[in-house]
Amino acid sequence: MRDILNDLEDAEKADAPDPMVSAQKSMAANLPKRFYDHVTVEVVETGHAVMLDGKPVRTPARHILATPSAALTSLLAAEWGAQEERIDPRTMPLTRLVNTALDGVAQDVSAVVEDMLRFASNDMLFYRAPSPVELVERQRLKWDPILDHFETSAGVRFELTEGVMHITQSDHTLDTLRGLMADIADPIEAAALHTITTLTGSALLALAMRRKVCSGEQAWELAHLDEDWNIAQWGEDEEAARRRAVRWQDMKAACQALEPESN
């Protein structure tokens with residue numbers, strides 16, 4: 001079977017943010033054609049694998065697209081089954097995430113966790129609006145419970161600031177957060193948590209999801225609290241809304257990777 005996932009990545013890189021209709025049509029025409037009829041899940045040595053007409057899908061680095069979870073692999077298979085005449089990577093966020101986990105994260109999970117810690121040291125939830133009072137109060141009501149959970153359960157105390165000037169957290173706080181991440185060893189979980197961290201700007205929201213403090217939908221809402229407040233005041237920008245919808249698909253895929261049985 002030809003390496004279709006390399007083709008998918010090349011096609012995705014060709015996507016341009018500007019609405020250039022002719023270029024987008026050209027890109028769509030160059031996407032690989034669907035060449036299989038049946039998508040199944042089968043048990044292999046590395047877990048549960050996605051099979052196309054009985055042959056395993058492989059990642060760009062030639063790993064078999066397999067996970068330890070039958071439920072997660074079924075979600076992957078659903079993405080492949082949903083492809084129509086051509087295979088469009090933009091509609092396969094979970095496949096892209098698992099590819100990243102198997103090909104990259106698995107080589108050094110600790111480096112991904114350390115990057116999450118860097119996010120946590122400068123977490124979005126630490127930076128509060130100085131005004132207006134309605135937004136200040138909304139941040140306090142919505143964001144403080146997340147911080148309170150870690151302060152109560154882990155004994156940390158976070159430093160907060162108004163505006164965007166950098167604020168430094170104590171060594172004790174950072175060491176405690178590092179300890180909370182120490183048991184992140186599965187590459188798919190690490191990839192999902194890192195994706196949530198980068199999409200929301202908050203490692204604490206990712207950790208809160210892992211600890212069942214909030215759901216993926218709640219974390220997404222908290223991450224966009226300021227943006228939603230501005231939309232309520234001034235209206236929504238169409239292009240910004242489109243970009244947010246694309247990011248939400250990646251967020252949902254990360255949530256599925258964390259809890260496939262609930263989807």
Side-chain angles (χ1 to χ4, degrees), residues 112-181 184 192-259 262:
V112 176
V113 175
E114 195 64 25
D115 196 52
M116 285 182 60
L117 183 65
R118 284 192 287 272
F119 269 91
S121 69
N122 198 36
D123 205 273
M124 176 194 70
L125 301 185
F126 302 152
Y127 296 88
R128 305 301 176 91
S131 63
V133 65
E134 295 87 353
L135 179 57
V136 172
E137 182 66 5
R138 183 174 297 186
Q139 289 178 339
R140 185 186 70 80
L141 290 174
K142 297 289 188 177
W143 288 356
D144 281 5
I146 301 296
L147 301 184
D148 291 344
H149 164 77
F150 291 102
E151 291 182 357
T152 301
S153 63
V156 296
R157 185 167 183 81
F158 300 108
E159 299 294 333
L160 308 183
T161 188
E162 292 183 351
V164 295
M165 293 296 292
H166 175 72
I167 188 168
T168 302
Q169 303 299 314
S170 70
D171 290 341
H172 170 72
T173 293
L174 297 181
D175 287 343
T176 302
L177 292 176
R178 180 178 281 108
L180 294 178
M181 301 181 193
I184 301 174
L193 290 170
H194 190 271
T195 295
I196 293 166
T197 296
T198 56
L199 287 171
T200 63
S202 174
L204 293 181
L205 286 177
L207 290 176
M209 286 180 56
R210 186 179 191 238
R211 296 163 71 93
K212 314 299 184 187
V213 176
C214 67
S215 67
E217 291 83 358
Q218 290 168 333
W220 189 251
E221 178 185 348
L222 293 173
H224 292 83
L225 186 150
D226 290 9
E227 181 179 318
D228 288 341
W229 189 88
N230 286 326
I231 289 172
Q233 309 308 309
W234 314 110
E236 187 171 38
D237 177 76
E238 184 176 339
E239 179 61 23
R242 186 192 70 82
R243 291 194 299 268
R244 177 166 165 174
V246 171
R247 294 196 305 273
W248 170 237
Q249 295 306 311
D250 290 334
M251 180 74 173
K252 286 201 298 184
C255 294
Q256 289 177 326
L258 287 181
E259 293 190 274
S262 64

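Everything quoted here is computed from the prediction, not taken from an experiment.
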Check whether any side-chain heavy atom of Leu135 lies under 4.5 Å from a side-chain heavy atom of Leu225, and answer yes or no. yes
Residues Thr197 and Ala206: closest non-hydrogen pair is OG1-CB, 3.4 Å
Walk me through whether Glu239 and Arg243 qualify under salt bridge (charged side-chain N to carboxylate O under 4.0 Å, His left out). CA-CA 6 Å; Glu239 179 61 23; Arg243 291 194 299 268; 3.6 Å; yes
Out of curiosity, Met116 CE to Leu180 CG, how far, rounded to the nearest 0.5 Å? 10.5 Å
Using 0.5 Å steps for rounding, measure from the OG1 atom of Thr176 to the CD atom of Gln169. 11.5 Å
Could you walk me through whether Arg247 and Trp220 pass the side-chain contact (heavy atoms from CB on, under 4.5 Å) test, one step at a time? CA-CA 10 Å; Arg247 294 196 305 273; Trp220 189 251; 3.7 Å; yes
Is the shortest side-chain N to carboxylate O distance from Arg118 to Glu114 below 4.0 Å? no
Heavy-atom side-chain contact between Thr173 and Glu159 under 4.5 Å: no
Min side-chain heavy-atom separation Leu258-Ile196 under 4.5 Å: yes
Straight-line distance of Glu151 CD to Arg157 CZ, nearest 0.5 Å: 5.5 Å
Are Met124 and Leu205 close enough that some pair of their side-chain heavy atoms sits under 4.5 Å apart? yes
Output for pair (Thr168 OG1, Leu174 CG), nearest 0.5 Å, gives 9.0 Å
For a quick test of reading the model, state the closest non-hydrogen atom pair linking Ala192 to Ala257 and the distance between them. CB-CB, 3.9 Å
Given side chains that start at C-beta, do those of Trp229 and Glu134 come closer than 4.5 Å, heavy atoms only? yes
side-chain contact (heavy atoms from CB on, under 4.5 Å) between Asp175 and His172: does it pass, once the steps are laid out? CA-CA 5 Å; Asp175 287 343; His172 170 72; 5.8 Å; no
Say you draw a straight line from CG of Asp250 to CG of Leu199; how long is it, rounded to the nearest 0.5 Å? 6.0 Å
For Gln233, does the CD atom have more than 12 heavy-atom neighbours from other residues, nucleotides or ligands under 6.0 Å away? yes
Test Asp228 against every option in Arg244, Lys142, Arg138 by the salt bridge (charged side-chain N to carboxylate O under 4.0 Å, His left out) rule and name the one that passes. Arg244
side-chain contact (heavy atoms from CB on, under 4.5 Å) assessment of Met209 paired with Glu259: CA-CA 10 Å; Met209 286 180 56; Glu259 293 190 274; over 6 Å; no
Just verifying a value: how many Å separate Gln139 CD and Tyr127 OH, rounded to the nearest 0.5 Å? 13.5 Å
When you measure from the side chain of Asn122 to the backbone N and O of His166, does any donor-acceptor pair fall under 3.5 Å? no
What pairs of residues pass the salt bridge (Lys or Arg N to Asp or Glu O under 4.0 Å) test when at least one of them lies in residues 194-211, not counting sequence neighbours? Asp183-Arg210, Glu189-Arg210
Taking Thr152 for the side chain and His149 for the main chain, is one N or O donor matched with an acceptor at less than 3.5 Å? no
Might you point out which heavy atoms bring Leu147 and Phe126 nearest each other, and give the distance in Å? CD2-CE2, 4.2 Å
Shortest non-hydrogen pair, Met251 vs Ala219, comes out as CE-CB, 4.1 Å
With Phe158 as reference, evaluate Leu204, Leu125, Ile146 under the side-chain contact (heavy atoms from CB on, under 4.5 Å) test and give the passing residue. Leu204
Nearest heavy-atom pair of Ala203 and Phe119: which atoms, and what distance? CB-CB, 4.1 Å
